[in-house]
Amino acid sequence: MEVVQMSGEGYRVLLQARSWSQCLRGKGFTWDQIADVLALTHQVSPLRLHRLAHGRTAVDVVSMVNDADPAGTAALRDSRLYDYEGWPETGRRPPARLLAVLARIYETTARSLLPEAVMASYETADRVLLDEADFRHLDANRPTPPNRDSRVTAKTDADRTSAGRTAVDAASCMRLLRAIDIEEADVKRRELLFELALVFGGSRALDLLRILTTEEEERLAGVLRNTWRTDEATVRTFEKLTLQARRADDVSGPATLVPVVNGQRAAVGKLLTRESMAPGLRDRLLDTYAQLSQLTGFLSYDLCEYAAAEQPLLDSLRTAHDLGNPTLIAYAHYWLGRMSADQHRTAAVFDHAFAIQSWATRSPSKLLTPLCQSLFSLAYAAEGDAAASIREHESALASAGAPKADEPAYMYWVSPAVMESRRTTLLVRLNQPRDVIEAAGRYLAEHDSKFKRARDCTRGHGFVLARYAGALAMTKEIPEAAARLTEAANITRRHSSARLTDEINQARARLEPWTNTTYVRHLDETLRSCGLTPTGPGTRA
């Protein structure tokens with residue numbers, strides 16, 4: 001067996017390559033792309049890289065070559081394969097006929113198995129054979145060339161998108177490896193971080209993984225490889241990562257976090273499907289899965305991707321029902337209601353608000369009350385009932401100050417300050433610009449200095465600034481409107497909320513008659529520098 005002949009280091013490299021390859025294949029990588037990724041960390045010949053990409057020992061490959069020889073006379077030995085893999089630095093040159101057989105086994109081209117510079121060393125007939133040996137069509141992950149008679153439809157595009165593969169490609173793997181090489185000196189930990197980051201969305205997951213100890217990383221990798229059982233410490237690690245992802249969203253926004261949270265959610269889902277565990281442990285993992293589903297839905301909602309947000313939010317709701325957790329059930333209803341409000345589906349907002357009201361009576365959480373009242377205030381504002389809307393808002397403001405000692409960690413953001421920032425939303429929907437100006441001015445006077453010192457609550461602060469600017473534009477206070485909108489735009493340099501971008505663009509549209517003024521021209525320069533379009537729909541340039 002080759003395991004005996006290989007050095008311990010050689011076998012470790014093979015096992016590592018096999019693990020990486022399985023992960024990359026699941027993300028849609030071709031064999032050639034996996035070999036390219038392995039080449040970033042293994043300075044060996046292309047022939048060996050392709051064997052490592054397939055996770056095969058030399059004995060495995062020799063057996064396949066000998067079986068593939070039609071005459072049964074190949075008699076290749078593993079020692080000879082090692083010689084071929086060492087060439088041109090050591091060993092001997094592989095015959096063209098053998099390369100053609102290996103190309104079929106590795107589902108690639110014969111030329112891919114050789115450094116480009118050595119092709120000239122083969123005779124003309126051999127070069128023709130090497131050029132013709134192309135078996136990439138056997139690779140299940142290689143895209144099928146389009147048929148000229150076929151028609152691409154929305155349904156086929158949707159099917160392709162719903163395959164569940166995260167957006168990790170060869171280029172992102174290269175960025176990930178470079179980032180790890182720069183930041184981590186320990187070789188073993190570099191490999192561990194690479195393996196975990198592939199599962200959790202690529203280089204964007206590194207910031208999240210940095211909060212883990214080496215012991216936590218090793219345990220997590222072992223569980224994901226299915227070599228360790230899920231234990232209490234593993235569940236605690238997932239809970240720790242989930243809370244950290246929520247905090248990261250406050251700082252940077254959803255764009256960088258969606259693939260990371262999606263990867264974590266998928267990993268937890270696989271563990272729940274794959275393993276049996278103690279009921280208490282399983283309930284905690286289910287709770288984490290429900291939270292990750294809610295967070296995935298919220299991040300997609302914050303990117304204004306409503307269709308993508310609905311499924312994980314409903315998944316969170318179903319999982320919370322399975323757990324019989326009234327707090328989590330109500331929390332999922334809240335975000336479904338918030339999304340319905342942005343879609344102007346007022347009846348659905350009322351439905352979710354009444355659902356929260358019902359579940360709140362069965363929950364120990366006191367913070368569900370302000371969430372329920374806040375949702376009712378949005379629904380009444382949509383109906384034009386100003387008195388009922390403001391009444392519910394004032395109630396939410398009063399009840400949001402409840403103690404948080406026994407509240408779930410995901411309710412950390414519920415506070416009087418956050419509820420007060422929502423007042424401008426109601427007044428905008430009630431078309432009361434002067435009241436918006438008064439409310440926004442009062443809020444900013446109380447919280448602006450704190451925000452500038454601590455750099456916290458950037459998204460909510462940006463919403464207030466954008467609504468303030470829109471109301472100022474309606475009352476033709478152009479210099480102040482442009483100044484406030486500039487402040488809001490600068491927040492998007494750090495935070496990727498598409499909802500905030502939309503608010504900024506709506507406010508900018510109100511300034512269109514004053515486009516040629518100095519104030520608005522300077523504003524537009526800021527918008528462009530932030531990657532925002534000065535006019536038109538709420539999209540980035």
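If you read the sequence from its start, that first residue is 1, and numbering goes on from there.
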Quiz item: Between Asp139 (side chain) and Trp31 (backbone), is there a donor-acceptor pair under 3.5 Å?
Solution: yes
Quiz prompt | Any donor-acceptor N/O pair, Thr492 side chain to Ala488 backbone, under 3.5 Å | solution = no
Self-check item: Validation row: Arg508, Val520 side chains within 4.5 angstrom (heavy atoms)
Solution: yes
Quiz item: What do you reckon, are the aromatic ring centroids of Trp514 and Tyr519 less than 6.0 Å apart?
Solution: no
Quiz item: How far apart are the C-alpha atoms of Ser316 and Gln291, what are their side-chain angles, what is the distance that settles it, and do they pass the side-chain hydrogen bond (donor to acceptor under 3.5 Å, both in side chains) test?
Solution: CA-CA 7 Å; Ser316 174; Gln291 288 193 48; over 6 Å; no
Quiz item: Considering only heavy atoms from C-beta outward, does the side chain of Arg423 approach that of Leu397 to under 4.5 Å?
Solution: yes
Quiz prompt | Over 12 non-hydrogen atoms of neighbours within 6.0 angstrom of NZ in Lys270 | solution = no
Exercise. Could you tell me whether a side-chain N or O of Gln33 sits under 3.5 Å from a main-chain N or O of Thr30, the two making a donor and an acceptor?
Key: yes
Quiz item: So, Ser389 side chain and Ala386 main chain: donor-acceptor pair closer than 3.5 Å or not?
Solution: no
Quiz item: Within the side chain of Glu392, is there an N or O that forms a donor-acceptor pair under 3.5 Å with the backbone of Ser377?
Solution: no
Exercise. State whether the side chain of Glu216 and the backbone N or O of Thr213 hold a donor-acceptor pair below 3.5 Å, judged by distance alone.
Key: yes
Exercise. Could you check whether the rings of Tyr331 and Tyr410 sit parallel, tilted or perpendicular, using 30° and 60° as the cut-offs?
Key: tilted
Quiz item: Taking only residues two or more places apart in sequence or in another chain, which ones pass side-chain contact (heavy atoms from CB on, under 4.5 Å) with Ala245?
Solution: Leu208, Val261, Leu295
Quiz prompt | Arg219: side-chain hydrogen bond (donor to acceptor under 3.5 Å, both in side chains) partners, not counting sequence neighbours | solution = Glu215
Quiz item: Considering the options Asp315, Thr296, Thr242, which one meets the side chain to side chain donor-acceptor pair (under 3.5 Å) requirement together with Arg265?
Solution: Asp315
Exercise. Just jot down the salt bridge (Lys or Arg N to Asp or Glu O under 4.0 Å) partners of Glu310, sequence neighbours excluded, or say none.
Key: none
Quiz item: Could you give the distance from CD (Gln373) to CD (Gln357), rounded to the nearest 0.5 Å?
Solution: 9.0 Å
Exercise. On the 0 to 90° scale, with breaks at 30° and 60°, tag the Trp359-His321 ring pair as parallel, tilted or perpendicular.
Key: perpendicular
Self-check item: Lys404, NZ atom: more than 12 neighbouring heavy atoms under 6.0 Å
Solution: yes
Quiz item: Can you list every ring-ring contact (aromatic ring centres under 6.0 Å, His included) pair that touches residues 297-316, not counting sequence neighbours?
Solution: Phe298-Trp335
Quiz item: To the nearest 0.5 Å, how far apart are CD in Glu446 and OG in Ser421?
Solution: 11.5 Å
Quiz prompt | Spacing of Thr515 atom OG1 and Leu523 atom CG [to the nearest 0.5 Å] | solution = 9.5 Å
Quiz prompt | Arg510 atom CZ: more than 12 heavy-atom contacts under 6.0 Å | solution = no
Quiz item: Is the side chain of Glu407 donor-acceptor paired with the backbone N or O of Lys366 at a distance under 3.5 Å, no angle test?
Solution: yes
Quiz item: Which pairs count as ring-ring contact (aromatic ring centres under 6.0 Å, His included) when at least one residue sits in residues 381-402, sequence neighbours excluded?
Solution: none
Practice problem: Verify, without hydrogens or angle tests, whether Asn141 (side chain) and Arg25 (backbone) share a donor-acceptor contact under 3.5 angstrom. | Solution: yes
Quiz item: Does the Ser374 side chain pair with the main chain of Pro370, one donor and one acceptor, at a distance under 3.5 Å?
Solution: no
Practice problem: Return yes if some donor-acceptor pair links the side-chain N/O of Gln264 with the main-chain N/O of Phe238 below 3.5 Å, else return no. | Solution: yes
Quiz item: So which pairs with a foot in residues 364-383 pass ring-ring contact (aromatic ring centres under 6.0 Å, His included), sequence neighbours left out?
Solution: Phe350-Tyr380, Phe354-Phe376
